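Report on the following structure.
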Amino acid sequence: MTSPTSSAARRKNHEEPTLNRSLERGVEILRAFRPGADLLGNGDLAERTGLSRATVSRLTQTLVQCGLLEHDGARRAYRLAAPVLSFAHAMRSGSPVLQCAAPLMRTAAEKLRVNVGLAVADREEMVYLESIRYNRKVSLRSVVAGQRVPIELTSLGRAYLCATSETQRRELMTKLGQQRLSGWKAIREEILAAVQVFCRKGYCTASWQPEVVAIAIPIITPTGAIYVLNMSVTTQQSAQEVEAELSTPLKALAEKITEAIRRRD
């Protein structure tokens, strides 16, 4: 039985009774590794996670013993170990949504010669679960499963914001604004405009990379989970021209995926 003293101490430390703080901190260590930041020392990890160096040192040693981190003794730093990749494979192969969506996405990409992606939100970013690339025009940009893109700049992110509740959208936009030191006012106006357009058209359009136009639409599963589907092309066409060409196929694909998920359930 939990004593009143321990309950009071937990409330004082703002710790939820169902959370394990050590596990939570260990996950934050793993989250700190990103493309371009594949080798991190304890000091780097402390800066990225906000944890003390002593705490980071204990956690990295534990994660090495568990096989999730590799220690580079010469550089006194760590990198993700191979078992982490197996988690991603297990997630992708076991996802019922991906099992329904991927074949339909590939068929649409091949038929239209466009890029088709499926993503979910993770904190202040979107994470690709699947990306099928059929660029009509050669592009130096490559997008793969697991890649992250900004919520505030992309069609994926803006479609996700449109699918959330007004309260959730407001809270997330506050966080996004706190992270962006400049240019947020203009971006915020673009997002609010995208919400209005979404109410009329049912999709969002963005062109945050040179000569790349993407349109996206949210898919809400029976459980309430929000996935976002997009189509993109590398082109010199205007956003309006791309919308005219791809909006109908995008909506049709989203409907097929939604129906396939419902049938599976």
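Nothing here was measured: the structure is a model prediction, and the numbers come from that model. Throughout, numbering of the chain's residues begins at 1 and tracks the sequence. Below, all heavy atoms of this structure are taken into account, side chains as well, without hydrogens, waters or symmetry copies.
Hydrophobic clustering, defined by side-chain heavy atoms of Ile, Leu, Val, Met, Phe, Trp and Tyr closer than 4.5 Å, leaves Leu85 isolated from every other such residue. Grouped with Val127 in a hydrophobic cluster is no other residue, since no side-chain heavy-atom contact under 4.5 Å to another Ile, Leu, Val, Met, Phe, Trp or Tyr is found. Clustering of Ile, Leu, Val, Met, Phe, Trp and Tyr by side-chain heavy atoms under 4.5 Å joins Val197 with none of the others.
A donor atom on one side chain and an acceptor atom on the other are found under 3.5 Å apart for Thr221 and Thr223.
For Tyr78, the ring pair (Phe, Tyr, Trp, His ring centres under 6.0 Å) partners are His71, not counting sequence neighbours.
Nearest heavy atoms, Arg48 versus Ala37: NH2-CB, 3.4 Å. Among all heavy-atom pairs drawn from Asn230 and Ala214, the shortest one is ND2-CB, 4.2 Å.
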Check against side chain to side chain donor-acceptor pair (under 3.5 Å), Thr205 and Glu243: CA-CA 8 Å; Thr205 305; Glu243 285 183 20; 2.8 Å; yes

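Annotation: side chain of Val228 is not in contact with side chain of Ile217 (no heavy-atom distance under 4.5 Å).
Between the side chain of Ser131 and the main chain of Gly117, no donor-acceptor pair closer than 3.5 Å is present. Judged by distance alone, the side chain of Ser86 and the main-chain N or O of Pro83 form a donor-acceptor pair under 3.5 Å.
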For residues 93-104, which side-chain N or O atoms pair as donor and acceptor with protein atoms under 3.5 Å away, sequence neighbours left out?
unit_1	atom_1	unit_2	atom_2	d
Ser93	OG	His89	O	2.9
Ser93	OG	Ala90	O	3.3
Ser95	OG	Val97	N	3.4
Ser95	OG	Leu98	N	3.1
Gln99	OE1	Arg264	NH1	3.1
Gln99	OE1	Arg264	NH2	2.7
Gln99	NE2	Ser93	O	2.8

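Salt-bridge formation is not detected for the pair Glu171/Lys175: no Lys NZ or Arg NE/NH1/NH2 atom is positioned less than 4.0 Å from an Asp or Glu carboxylate oxygen.
Note on residues 145-198: no pairs pass ring-ring contact (aromatic ring centres under 6.0 Å, His included), not counting sequence neighbours.
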